[in-house]
Amino acid sequence: MTGTPFQNRVWNEIKNIPAGQTRTYKEIAVSIGNPGSSRAVANACAANPNPITVPCHRVIRSDGRHGGYSGPGGASGKSALISSEKEIATRNT
DNA sequence: CACATGACCTAAC
DNA sequence: TGTTAGGCCATGT
């Protein structure tokens, strides 16, 4: 899984995203220390070998739209996953 | 080192 | 509001 240090930071930040919460690629880029690498961040997710262990489905664009998802369900399931996790977070409160 | 690719972002038409 | 153009960064060839 440990590919490039950059990807590692990206996946790490994504894994740090709390359930029900969504982060934009730019936010992640800033979190890892590369506020201008929003594109590379998306690439890291796309290159992420564990689209399931990594909640890349919580990562969305600045427009609020979903970017993509190489895991099960695809970009469509991505929104479903977000809604489900959002529901979980709401239930926990 | 240079070129090509991509789940992006911003601005302009 | 929807599409097009340019720019940015990391990775792979």
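Convention: sequence-line order gives letters A, B, ...; per-chain numbering from 1. Everything quoted here is computed from the prediction, not taken from an experiment.
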What's the closest nucleotide to the side chain of [X] if the choices are [options]?
X	options	value
N43(A)	dA7(B), dA10(C), dT10(B)	dA10(C)
C56(A)	dA7(B), dC9(B), dT11(C)	dA7(B)
A40(A)	dA10(C), dT11(C), dC9(B)	dA10(C)
Y25(A)	dA7(B), dA10(C), dC9(B)	dA7(B)
S37(A)	dC9(B), dA10(C), dA7(B)	dA10(C)

Between [N] ([atom2]) and [X] ([atom1]): distance, integer Å:
X	N	atom1	atom2	value
F6(A)	dA7(B)	CZ	P	15 Å
Y69(A)	dG6(B)	OH	P	21 Å
N50(A)	dA7(B)	CG	P	19 Å
N48(A)	dA7(B)	CG	C1'	11 Å
Q7(A)	dA7(B)	CD	P	14 Å
E13(A)	dA10(C)	CD	P	16 Å
N8(A)	dT11(C)	CG	P	11 Å
D63(A)	dT3(C)	CG	P	13 Å

**Asked** Is there a donor-acceptor contact under 3.5 Å from the side chain of N16(A) to the main chain of N12(A)?
**Response** yes

**Item:** R23(A) side chain vs I17(A) backbone, donor-acceptor pair below 3.5 Å
**Value:** no

**Message:** With heavy-atom distances below 4.5 Å as the criterion, would you say the side chains of F6(A) and N34(A) are in contact?
**Reply:** yes

**Asked** Roughly how far, to the nearest 0.5 Å, is NE2 of H66(A) from CD1 of I60(A)?
**Response** 7.0 Å

**Atom pair SG/CH2 of C56(A) and W11(A) - distance to nearest 0.5 Å** = 11.0 Å

**Prompt:** Checking all strands, does T24(A) fall into the base, sugar-phosphate, or nothing category for heavy-atom contacts under 4.0 angstrom?
**Reply:** nothing

**Item:** OP1 or OP2 of dA7(B) under 4.0 Å from side-chain N/O of R61(A)
**Value:** no

**Request:** Answer yes or no: does a side-chain N or O of T4(A) lie under 4.0 Å from OP1 or OP2 of dT11(C)?
**Result:** yes

